[in-house]
Amino acid sequence: MENTIPEKGPITDDLINRMNRWWRAANYLSACQLYLLDNPLLKKPLTWDMIKKKIVGHWGTVPGQNFIFTHLNREIKRYDLDLILLSGPGHGGNFFIANDYLDGSYSEIYPNISQDEEGMQKLFKQFSFPGGVPSHCAPETPGSIHEGGELGYSLAHGCGAVFDNPDLIAAVVVGDGEAETGPLATSWHINKFINPIGDGAVLPILNLNGYKIANPTIFGRMSHEELVDFFHGCGWEPYFVEGDDPIPMHKKMAETMDIVIEKIKDIQKNARESGDATRPVWPMIVLRTPKGWTGPKVVDGNRIEGNFLAHQVPVMMDKPEHLQILSDWLHSYKPEELFDEGGHLMPDIASLAPEGNRRIGMNPHANGGKLLHDLRMPDFRDYAFDIGHHGEKESQDTQNLGAFIRDIFKLNAEAKNFRIFSPDENNSNRFQDVFEVENRDWNAAQTDEDDHLSRFGRVMDSMLSEHMCEGWLEGYLLTGRHGFFDTYEAFSRIIDSMAAQHAKWLKVCNQLPWREQIASLNLMMCSTVWQQDHNGFTHQDPGFMDHIANKKADVVRIYLPPATNCQHSTLDHGLPARNYVDVII
């Protein structure tokens, strides 16, 4: 069987040329989504009435991400991978839509966007258009669990996705602008929490195109030696693929992808056969290509390709001479060599796509509700605090909750589908009882004095970053598992925007019948304003509740249990719920 699958054989010129044609097709579809209302196959000369009146969207990151998607398809087929893709660079979602369309997954979910000339015209018109689809990898995008509209969370989401998912690879495209954000800069340390036996693998791919919207990127202006030192210092083994000549770049990328996938598989095989989960040095890829690769070289005397001016729309349709520039650009992909007269992708190109659920757009992990199993819950009444007579007993609400959470871990130990997340606060939030059955996740160096650290732990409180805890939990939930995030109320404000973005994601998912419901995001605010006089004004801020209260009740809910037993009931209600953001004060 393997001999009939070219991807499993050597990297031949024929295979590279077919991959280059897939890439050209993806670039063509991506560019046309920005501009065209009609004439999708360029059978007629372009005229102004075929162009959108307002051109909005992004181009600069798109060709590099199309290049990555093309090569991930080959790796999926070569190694029969269970792989999802997270796009971190933000906008540029036309790349993901284009590849979903090429492999057929888009048309399966949206039959009106058919794989022919009529469907292609609709595909182009809907992008960044009123009543259409957004310009980033939104919930409407098959295969996406990560909305890049806000930067910084891609690696955290990818890492959360692979926890307790030993066969899954999360390929994460990190924008070099995104890499300058605090959450992403922190995220390079995820490798200290991934267990090569029980977890899957994250493959970071730094999309190093050198520019942000109006400035160079920091990574783009670092020397090669500095980049190597940086990633070595963070515990990664970087592999570099650099250039702008497509055919040699395809060959280099294919060779490098084989190396890193085989390294991942070797790491996991050795760990699983030996039982040794010691932290390995995981591979990553640095892909350095021009921003706006294959786009217009010069417009109005300004360099576009390889410059920050390629970030958004590379040629605005505001001058008569721009129509010819656009026509020349789109024709440069030679769509007549990629699609037949009816607009169908040529069979030798279409055959490059993985099949069924192995397609990135159809992977069940990217529609996590398909994999979701109900959480086994103990009866919360068994953990009731016997109040006795007034003033007779003293206790603390979250301390009483600890035993309840401990037994949720026990009941779901075999399923391995429950984790709790907290920024170094499990003890101060009084959940020590969970350590009777679980440990903290930690895969860096350990000493005898450490408190409940384990390479196999599933209490995620060993990293002092609210961003990471929230991002891990979101990735975990989005791929069909359960958990909650507990933190001091005052510092929950750090993840204000993350929680809002997740709420937006859920709101859109509620309008998409093909998106299966996922477990609710439960956020527990401990050490509230009323308890913080000893820490002073710095630890007093109930503003997270204000932030959530202005959201629609069909997505968010706020609970203020007045007593410890009410708190048990609230968590019993919130954890099994679906598609909500629950805030428990």
Side-chain angles (χ1 to χ4, degrees), residues 86-91 93 133-141 144-161 175 177-178 180-187 368-369 421-423 465-479 482-512 515 517-526 528-529 541-560 574-575 577-585:
L86 294 88
S87 171
H91 295 274
V133 299
S135 67
H136 41 87
C137 297
E140 295 95 331
T141 309
S144 174
I145 67 165
H146 175 79
E147 185 157 8
E150 182 171 300
L151 297 176
Y153 314 127
S154 58
L155 277 178
H157 284 157
C159 186
E178 178 197 21
E180 297 176 12
T181 65
L184 199 287
T186 302
S187 293
F421 301 77
S422 180
S465 167
E466 287 84 357
H467 286 123
M468 290 303 300
C469 293
E470 173 70 13
W472 281 340
L473 174 56
E474 288 177 1
Y476 202 63
L477 299 177
L478 286 160
T479 47
H482 306 261
F484 69 84
F485 175 35
D486 62 282
T487 188
Y488 299 171
E489 183 184 41
F491 305 126
S492 61
R493 302 304 303 273
I494 294 168
I495 54 101
D496 268 7
S497 191
M498 294 183 77
Q501 291 293 338
H502 190 78
K504 293 176 189 177
W505 177 276
L506 293 177
K507 186 172 183 64
V508 175
C509 286
N510 285 335
Q511 301 163 8
L512 299 171
R515 281 277 183 188
Q517 292 190 333
I518 60 172
S520 293
L521 173 64
N522 279 269
L523 306 172
M524 190 177 300
M525 309 289 103
C526 305
T528 58
V529 59
D541 186 356
F544 189 85
M545 183 165 58
D546 297 342
H547 171 63
I548 292 296
N550 65 32
K551 307 293 184 286
K552 295 290 187 181
D554 59 345
V555 175
V556 305
R557 303 186 294 193
I558 299 173
Y559 298 94
L560 296 120
L575 279 179
R578 302 284 187 270
N579 272 34
Y580 280 101
V581 174
D582 292 329
V583 178
I584 304 170
I585 311 293

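Below, each value reflects all heavy atoms present in this structure, side chains not excepted, and no hydrogens, waters or symmetry copies.
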Scan I494, T487, D496 and name whichever one has a side-chain contact (heavy atoms from CB on, under 4.5 Å) with F544. D496
Quick one, [X] and [Y] - any side-chain contact, counting heavy atoms below 4.5 Å?
X	Y	answer
H467	I495	yes
Y488	P423	no
R557	V583	no
P542	T528	no
V581	K551	no

Can you give me the closest heavy-atom contact between [X] and [Y], atom names plus distance?
X	Y	answer
C469	F485	CB-CE1, 3.5 Å
L477	L521	CD1-CA, 3.6 Å
G158	L86	N-CD2, 3.6 Å
L478	I518	CD2-CD1, 3.8 Å
G471	M498	N-CE, 3.6 Å
S492	E489	OG-O, 2.6 Å

Out of curiosity, [X] [atom1] to [Y] [atom2], how far, rounded to the nearest 0.5 Å?
X	Y	atom1	atom2	value
E474	E470	CD	CD	4.0 Å
E180	L151	CD	CG	10.0 Å
F484	L575	CZ	CG	7.0 Å
I584	I558	CD1	CD1	11.5 Å
S422	E466	OG	CD	8.5 Å
H482	L473	NE2	CG	11.5 Å

Using the ring of each side chain (for Trp, its six-membered ring), is W472 parallel, tilted or perpendicular to F421, with breaks at 30° and 60°? tilted
Passing candidate, side chain to side chain donor-acceptor pair (under 3.5 Å) with E147, options H136, H502, K504: H136
When you measure from the side chain of [X] to the backbone N and O of [Y], does any donor-acceptor pair fall under 3.5 Å?
X	Y	answer
S187	L155	no
R493	D541	no
S520	R578	yes

What's the verdict on side chain to side chain contact (heavy atoms under 4.5 Å, CB included) for M545 and M525, showing C-alpha distance, side-chain angles and the deciding distance? CA-CA 9 Å; M545 183 165 58; M525 309 289 103; over 6 Å; no
Have S135 and H91 got a donor and an acceptor in their side chains that come within less than 3.5 Å? yes
